[in-house]
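The figures that follow rest on heavy atoms only: side chains count, while hydrogens, waters and symmetry mates do not.
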Amino acid sequence: LSEAFEIENVTEEAVKDVSSFIPLPKIEADQKMKNDVLNGRELSIKTEYDTILIVENNIALAVYKKTGESTFKCERGLW
């Protein structure tokens with residue numbers, strides 16, 4: 001509760017970054033990956049994690065889930 005906002009003080013910027021509330025490993029998106037994420041395309045990423053959070057400048061874009069050895073499919077868009 002010490003980090004809670006009073007409803008009168010909530011702004012778009014205050015709630016825009018949900019990445020800190022999502023306990024998943026973060027992958028920083030470059031411009032090509034961001035375009036793919038925003039269009040719901042599958043991604044090819046080499047990582048040991050099964051579920052990842054795609055971010056741009058620490059702003060959450062989407063949650064992706066592994067469907068193959070290095071293939072990830074969009075589980076939930078967050079934009």
task: Please list, chain by chain and in numerical order, all residues satisfying side-chain hydrogen bond (donor to acceptor under 3.5 Å, both in side chains) with K34, sequence neighbours excluded.
output: E56
- prompt: Out of curiosity, L61 CG to K26 NZ, how far, rounded to the nearest 0.5 Å?
  reply: 12.5 Å
N/O donor to acceptor pairs below 3.5 angstrom from side-chain atoms of residues 39-54, sequence neighbours left out:
| from | atom 1 | to | atom 2 | distance (Å) |
| --- | --- | --- | --- | --- |
| N39 | ND2 | N35 | O | 2.8 |
| R41 | NH1 | D36 | OD1 | 3.0 |
| T47 | OG1 | Y49 | N | 3.4 |

task: Apply side-chain contact (heavy atoms from CB on, under 4.5 Å) to D30 and list each qualifying residue two or more places apart in sequence or on a separate chain.
output: K32, M33
task: Sequence neighbours left out, what pairs pass salt bridge (Lys or Arg N to Asp or Glu O under 4.0 Å) with at least one residue falling in residues 57-68?
output: none
Scan the side chains in residues 68-78 for donor-acceptor partners under 3.5 Å anywhere in the protein, sequence neighbours excluded, and list what turns up.
none

